[in-house]
Colleague: 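Got a structure for you, questions after.
Residue numbers start at 1 and run along the sequence shown. The figures that follow rest on heavy atoms only: side chains count, while hydrogens, waters and symmetry mates do not.
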Amino acid sequence: MGHFYRFRRCSALLGEWKELDTQTIFFAEPNSLNDPMEGYRDILWKGDFVVWINLFKNYLFCLERVFCLYKIGGDDFEIKDENIPVFSGVDDLPTLSYKKRFLKISNAFISHKVVIRMANELAKRKYPVRRDELIFHLTYLQFIALNIIDEINDEFGLGRLFDSAAFDSFSAAEEAIIKLLDEGLITNVDYVVEHNEGGAEIIDALMKKRYAMQMEMGILRKVDGSLKNATHNKDMIFLDFNRRYLSQLEHLLFPKWYTACFMTECKDSAVWGHYGDNHAGVCLIFESEEINGFDNISLNHAVGLGMDGEIYEFSPCQFHPVDYISGVVAVDFFSMLGRLPIPKLNAEWYTFKKERSVCSREMNANAAAWREKYWASFINDITRKTHHWAYENEYRVIIFDGLIDYSSPKKRALKYNFSSLKGLIFGMNTKAEDKISIVQIIKDKCRENNINDFKFYQAYYDPKTKCIEHGSLGSLDDFVQADRI
């Protein structure tokens with residue numbers, strides 16, 4: 001057993017959420033945490049022709065859907081990232097006519113000479129593709145895809161969206177990518193990496209520069225007016241779709257996760273400042289339960305689904321230490337597609353014209369071992385921070401979407417046993433009225449739960465240690481236990 005500290009604002013403990021009275025721990029989304037790198041993954045794309053051509057098919061499917069939404073609705077509603085259907089495929093289309101039209105679009109796209117050539121050259125390359133490079137490649141494929149989509153839509157009586165000037169731009173873009181491929185855009189990468197000191201860094205820097213130039217050109221086109229009648233939805237499709245597509249594509253890897261943050265130290269003034277509401281908050285002291293050598297806390301959360309809905313029960317949740325040394329770890333995209341059922345994964349990502357991808361061998365050979373490796377990778381990725389945050393000494397308890405959707409904040413307030421809360425520390429600036437409210441709640445809780453060892457402390461600055469220390473408030477302890485003596 002060990003002690004873990006959790007800093008909270010008094011408004012969270014006493015305000016709308018009443019975390020102290022309800023004995024709940026709130027689990028936050030990564031984007032609400034204070035490190036903008038939370039949840040960042042260094043994703044690598046490296047695989048055979050099968051997975052590359054299927055990636056391009058998925059890209060086309062998503063682009064066509066967004067294009068269709070814009071063609072139908074214009075700017076009457078905002079096209080959002082959630083409208084990019086990375087989880088869907090042809091079988092999910094609503095009508096037979098839509099399926100027929102899209103299959104013709106898809107067949108024309110994946111048989112295009114540039115698409116085939118790019119998939120082949122990427123499959124043969126040893127050095128993996130990173131995010132910026134993939135966006136660069138997709139930008140050229142986007143011109144080809146939009147051209148095909150618009151032409152076939154016209155064949156099906158849906159009319160054209162682009163004029164002749166746009167088709168001239170599409171032709172110019174196709175000629176440009178062919179020229180770049182002829183010059184070794186993809187194939188020369190391995191040579192640069194293998195024959196130059198720091199070759200990998202050179203390639204990464206080059207790809208970042210190319211992506212930045214594409215982004216700059218898009219911005220300049222909008223600013224100088226050459227991107228005519230620009231709107232939010234047009235910008236989304238023509239300027240920002242590829243970046244946003246890759247952001248959505250990441251959801252195929254791991255589930256959405258949420259965390260409650262704890263620490264093993266409570267002496268750092270910066271921590272009190274950042275997380276303890278400028279020392280006006282409270283630090284809760286939890287005692288863990290050791291299970292198989294790991295620290296856990298018992299929380300009441302959904303463990304399954306029954307006839308009447310979600311089934312809740314108290315079960316142990318592990319404290320995971322944050323690694324400040326290893327930094328961000330690379331993730332192999334094509335081997336970590338864990339959000340799709342295996343049959344769908346095999347059909348839509350690992351098979352093309354009856355050929356099975358080598359990227360699926362580990363999963364199909366031993367699904368249980370692959371799943372174990374997958375979940376270990378998931379936890380490792382979300383418990384890493386750069387060394388700049390090491391002063392926090394953070395541990396995390398983690399929940400994630402699965403059978404249960406935790407997107408609603410109310411579902412992410414999980415109840416703990418009051419016996420797990422061993423004490424609390426008032427900050428140096430905690431208001432007297434907040435202290436009074438907290439003491440009364442704790443007094444009632446101790447009586448209800450037959451607890452006689454709860455401890456109150458007061459934080460103070462120690463000039464000798466130059467840290468925030470805390471001293472016992474014995475009189476409060478005695479007051480809380482007075483009616484039980």
Colleague: Please say whether more than 12 non-hydrogen atoms of neighbouring residues, nucleotides or ligands are located less than 6.0 Å from CD in Glu310.
Modeller: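 Check passes, neighbour count above 12.
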Colleague: With ring centroids as reference points, do Tyr59 and Tyr245 lie under 6.0 angstrom apart?
Modeller: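 Distance test on ring centres: under 6.0 Å, yes.
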Colleague: Going by distance alone, is a donor N or O of one side chain under 3.5 Å from an acceptor N or O of the other, for Asn417 and Ser419?
Modeller: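 Looking only at side-chain atoms, Ser419 and Asn417 do not form any donor-acceptor pair under 3.5 Å.
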Colleague: Applying the ring pair (Phe, Tyr, Trp, His ring centres under 6.0 Å) criterion to His470, which one of Phe426, Phe456, Tyr457, Tyr460 satisfies it?
Modeller: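 Among the candidates, only Tyr457 passes.
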Colleague: Centroid-to-centroid, Tyr374 to Phe254, below 6.0 Å?
Modeller: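 Distance test on ring centres: under 6.0 Å, yes.
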Colleague: When the ring centroid of Trp389 is compared with that of Tyr324, is the distance short of 6.0 Å?
Modeller: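 Centroid distance Trp389-Tyr324: not below 6.0 Å, so no.
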Colleague: Please name the residue in the list Phe27, Tyr258, Trp375 that meets the ring pair (Phe, Tyr, Trp, His ring centres under 6.0 Å) test with Phe400.
Modeller: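 The passing option is Trp375.
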Colleague: Are Phe56 and Met118 close enough that some pair of their side-chain heavy atoms sits under 4.5 Å apart?
Modeller: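 Phe56 reaches Met118 side chain to side chain.
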Colleague: Is a side-chain donor-acceptor pair under 3.5 Å present for Asn393 with Tyr5?
Modeller: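 The answer is no; no qualifying pair exists.
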Colleague: May I ask you to decide if Gly2's main-chain N or O and Ser288's side chain share a donor-acceptor pair within less than 3.5 Å?
Modeller: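 Yes, the answer is positive, given that a donor and an acceptor are paired below the 3.5 Å cut-off.
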Colleague: Check whether the side chains of Thr139 and Asn242 place a donor and an acceptor atom closer than 3.5 Å, and report yes or no.
Modeller: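 Per modelled atom types, Thr139 and Asn242 side chains form a pair under 3.5 Å.
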Colleague: Hydrogens and angles aside, do Asp434 and Thr430 bring a side-chain donor and acceptor to less than 3.5 Å of each other?
Modeller: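 No, Thr430 and Asp434 have no side-chain donor paired with an acceptor closer than 3.5 Å.
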Colleague: Check the side chains of Ser357 and Asp48 for a donor-acceptor pair under 3.5 angstrom, ignoring hydrogens and angles.
Modeller: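 There is such a pair (donor and acceptor under 3.5 Å, judged by atom type) between the side chains of Asp48 and Ser357.
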Colleague: Please say whether the positively charged group of Arg125, taken as NZ for Lys or CZ for Arg, lies over the ring of Tyr127, i.e. under 6.0 angstrom from the six-membered ring centre and within 45 degrees of the axis.
Modeller: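 Negative - Arg125 is either too far from the ring of Tyr127 or too far off its axis.
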